[in-house]
Amino acid sequence: MAVPELDAQETEQLLADHPDWSLGREGKAITRTFQFGDFSEAWGFMSRVALLAEAQDHHPEWFNVYAKVEVTLTTHDAGESGGLSARDAKLAASIDALA
């Protein structure tokens, strides 16, 4: 079942509410890079995000090298071919609260 995709105005509001995130994938995702002091801090952050994601049943795409974590949020079942949804906005807010 498709999840409603954010419209242009909702996407603009999402970016205004979360200025550290940037739009990617032709408007179908948001991305943020986090830099930590070391690998242990980065891993701890990823563990906390994993718990949030599991609780929200919405999981990020991410990439980690040592102290850097890149997080991408998109909803694969939004619209016809994926895009941003309220799920992404909610998880971005939860992740921002950790940072």
> Which pair of heavy atoms, one from T75 and one from S85, lies closest together, and at what distance?
Replying inline: OG1-OG, 2.7 Å
> Would F63 end up clustered with V49 when hydrophobic side chains under 4.5 Å apart are linked, directly or stepwise?
Replying inline: no
> Quick one: which of D57, V3, T74 gives a side chain to side chain contact (heavy atoms under 4.5 Å, CB included) with R87?
Replying inline: V3
> Can you name the nearest heavy-atom pair linking Q56 to S94, along with the distance?
Replying inline: NE2-OG, 2.8 Å
> Should L84 and L23 be marked as a side chain to side chain contact (heavy atoms under 4.5 Å, CB included) after you check the CA-CA gap, both sets of side-chain angles, and the distance that decides it?
Replying inline: CA-CA 10 Å; L84 291 168; L23 199 59; 3.7 Å; yes
>> Applying ring-ring contact (aromatic ring centres under 6.0 Å, His included) as the test, list every pair that has at least one member in residues 27-51; sequence neighbours left out.
In response: F34-F45, F36-F45, F39-W43
> Just how far is it from atom CG of L98 to atom OG of S47, taken to the nearest 0.5 Å?
Replying inline: 11.0 Å
> Do I95 and W21 come close enough that some side-chain heavy atom pair is under 4.5 Å?
Replying inline: yes
> More than 12 heavy atoms of other residues, nucleotides or ligands under 6.0 Å from CD of Q9: is that the case?
Replying inline: no
>> Rounded to the nearest 0.5 Å, what separates atom OG in S81 from atom CD in E5?
In response: 7.0 Å
Only pairs under 3.5 Å count here: list side-chain donor-acceptor contacts from residues 66-73, not counting sequence neighbours, and write none if there are none.
unit_1, atom_1, unit_2, atom_2, d
K68, NZ, E70, OE2, 3.2
T72, OG1, T31, OG1, 3.4

>> Taking the side chain as everything from C-beta on, heavy atoms only, tell me whether K90 gets closer than 4.5 Å to H58.
In response: no
>> For a quick test of reading the model, state the closest non-hydrogen atom pair linking N64 to A42 and the distance between them.
In response: ND2-CB, 3.9 Å
> Can you tell me how far NE2 of H59 sits from CG of L52, rounded to the nearest 0.5 angstrom?
Replying inline: 10.5 Å
> Hey, are the side chains of L14 and H18 touching, using non-hydrogen atoms and a 4.5 Å cut-off?
Replying inline: yes
> Is there a side chain to side chain contact (heavy atoms under 4.5 Å, CB included) between D7 and E10 once you walk through the steps?
Replying inline: CA-CA 5 Å; D7 63 27; E10 292 167 325; 3.2 Å; yes
